[in-house]
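Whatever order the structure lists them in is the order used to number ligands and atoms, beginning at 1. Just so it is clear, the model here is predicted, and its values are computed rather than measured.
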Amino acid sequence: MAGDSHVAGQPSSKRVADYALAKFKSFGLDARLEEFEALMPWPIETTVEVVGPEKYTLRVKEPVLPEDPDSGDQTPLYNAYSADGDVTAEVVYVNYGMPADYERLKELGVDVKGKIVIARYGAGWRGIKPKVAYEHGAMGCLIYSDPRDDGYYQGDVYPVGPYRPEFGAQRGSVMDMPIHAGDPLTKGWGSEAGGKKARIEDAETILKIPVLPISYGDALPILRQLKGKVVPNEWKGALPITYHVGPGPARVGMNLKFEWKNRPLFNVVARIPGATRPDEWVIFGNHHDAWAMGADDPISGASALMETARGLGELLKTGWRPSRTIVMALWDGEEWGLLGSTEWAEKHNAELKQKAAIYINTDGTGKGWLNTGGSHSLQQLMGEVAKEVMDPRTGKPVFDEARRRAVLSEAEGDARKAAEADPALRLSPLGSGSDFTPFLQHLTVSVLNVSFGGESPGGVYHSAYDTVKWYQTFSDGDYSYGRTLSQLTGTLIMRLADAPVLPFQFTDTADTLMRYVVELETLAAAKKESQVDMRLVRSAVESLRAAAQDFEKAYASVGRANTQALLAKKQLQQLNLLLLTSEQRLGNRDGLPRRDWFKHQIYAPGFYTGYGVKTMPQIREGLEENRFTEAQGGVRTVSAAINALAAQVNDAARALQQATR
Ligand SMILES: [Zn+2]
């Protein structure tokens, strides 16, 4: 699957989908392609020149390495959903190009209006950089990988070491995903050939200025020719120059032209029908499309998913049938903006809200330790499963190292002490950056996101050097953690598919929400003028905790002995439906302010972070961005959502008590 470049929308992506489809069938699974389409611009012109003082034509190409012939079959270097444009202007260096960098530029007396900005990758999602540049009046944007963050400063470059070589660059989407994911022309409904589409002019998520990713080899001739003030210390990269802000005298001309066309997407979907509860679904997905070969991103995760599918196929041959329906999917077009998963989720919206108990997501995976994020009602289940799957290196449960690392990731002091005292493996809240987003934040279905990593170096992310050779040399070379990931997802799926009562639990949710309340109380106290009063949210979380404790008491009283009796009762179906739809209570129909596609009131990608999560986003971003009326409105919507969940957990506790009577 990683033997050819296979970018979405191109025939090579269909080839990978067909290959995976044949594999699923050979495992004995009922599988098919589900086709969608999306507006996917393909570059036909990406020319960048330094027109003066000293001329230089950028390569905008990653050279083939003789040591790794796979690095040769490349897609062009570009950022998907850049605007077309032919602009020439003086250049300004804007550090990471995040909002705070523009505050600093203002202090330095530099304006980017009418200029082309050059920003380095890092500190936030790439799509934020051209968006903020445009908001400040820039005409174009170049994003480069500085060797300090991503190159020789980190270690030896590929092929000697794993890090980004001189002319390696990072492709990627710059779609305005904090507004909505998926096809820019079909916000909220599945995009199919011949279906309803918005006009391109009305699309909210296409960038307004041209933007292109470049290598540090190509950035150097630009940065070397900047004058003006020397940059602040923390803005300095690792190129052999003194970094200046500009503007100019370096002038750059960039001419970008794309062919704007709807192109097909091929999701591969396999189903194992549930024997006794076919209308309760456990869904597991990973994308199959890549920017080039994608051995790490996403094939390392996609092949682990296929191994899980193969294992379930073997079980089916022994006569095993899951109680619930299992759906396994390989999504297309994730790299462009979660296209395949979003269109699928939007098309099957109503059915998924009735039937989807959980969506489990994986993506690229490496070696190291377990990373998990997701809905906190699944924290206990995740912890239990992590105690039963062994680390291939230590032979001990993957839980141990994951918890140790999670504690270490907390800031020293009270936060770390609190984490140390907590025996649980805490799930991280999810922002965005992979296919869980349409499920969690649009449908408000509960999700888990899992991977192994921490010891795999970065360095070839979204480049032509993300090859099988790179992966085998520098990441999970013997695929032992890939197998572990497959064991972990397989165990999760089988528990979820067969547990008489869905293994959800809500005291972790209440504890986690209370931590967010405390954070926001502190933030509100620092901004007294906001008049944000968190008491309503605090009391909603307390109601949830009381309901959660009742539910757990009832759950604990179900012994092995009465599980069989329980299975026969029809209240069980009602109980499972209450649990299956519990996460939906944390969403609301209106969604978040200025981005109504995002329905979840607890987790969202930040408006100005892109991938980074903002919890209780309406309150938190309202406070951070001084939109106090919005923050006050957030207190009402967040407390209403939590109260609705508390009421549903109460109903579930009662249903469980009745069923076990
Ligand atoms: Zn990926």
For this session: Pull up every protein N/O/S atom sitting under 2.8 Å from the Zn ion (ligand 1), skipping waters.
Result: H287 NE2, D297 OD1, D363 OD1, D363 OD2
Exercise. Going from CD on E192 to OG1 on T186, what distance comes out if it is rounded to the nearest 0.5 angstrom?
Worked result: 9.5 Å
Problem set entry | side chain to side chain donor-acceptor pair (under 3.5 Å) partners for E37, two or more places apart | K197
Exercise. Any salt bridge between K469 and D70, counting N to O under 4.0 Å?
Worked result: no
For this session: Could you note down all residue pairs passing side chain to side chain donor-acceptor pair (under 3.5 Å) where residues 207-216 supplies at least one of them, sequence neighbours left out?
Result: none
Problem set entry | Test item: side-chain donor near acceptor, Y461 and D150, under 3.5 Å | no
Exercise. ring-ring contact (aromatic ring centres under 6.0 Å, His included) with F598: which residues, sequence neighbours excluded?
Worked result: none
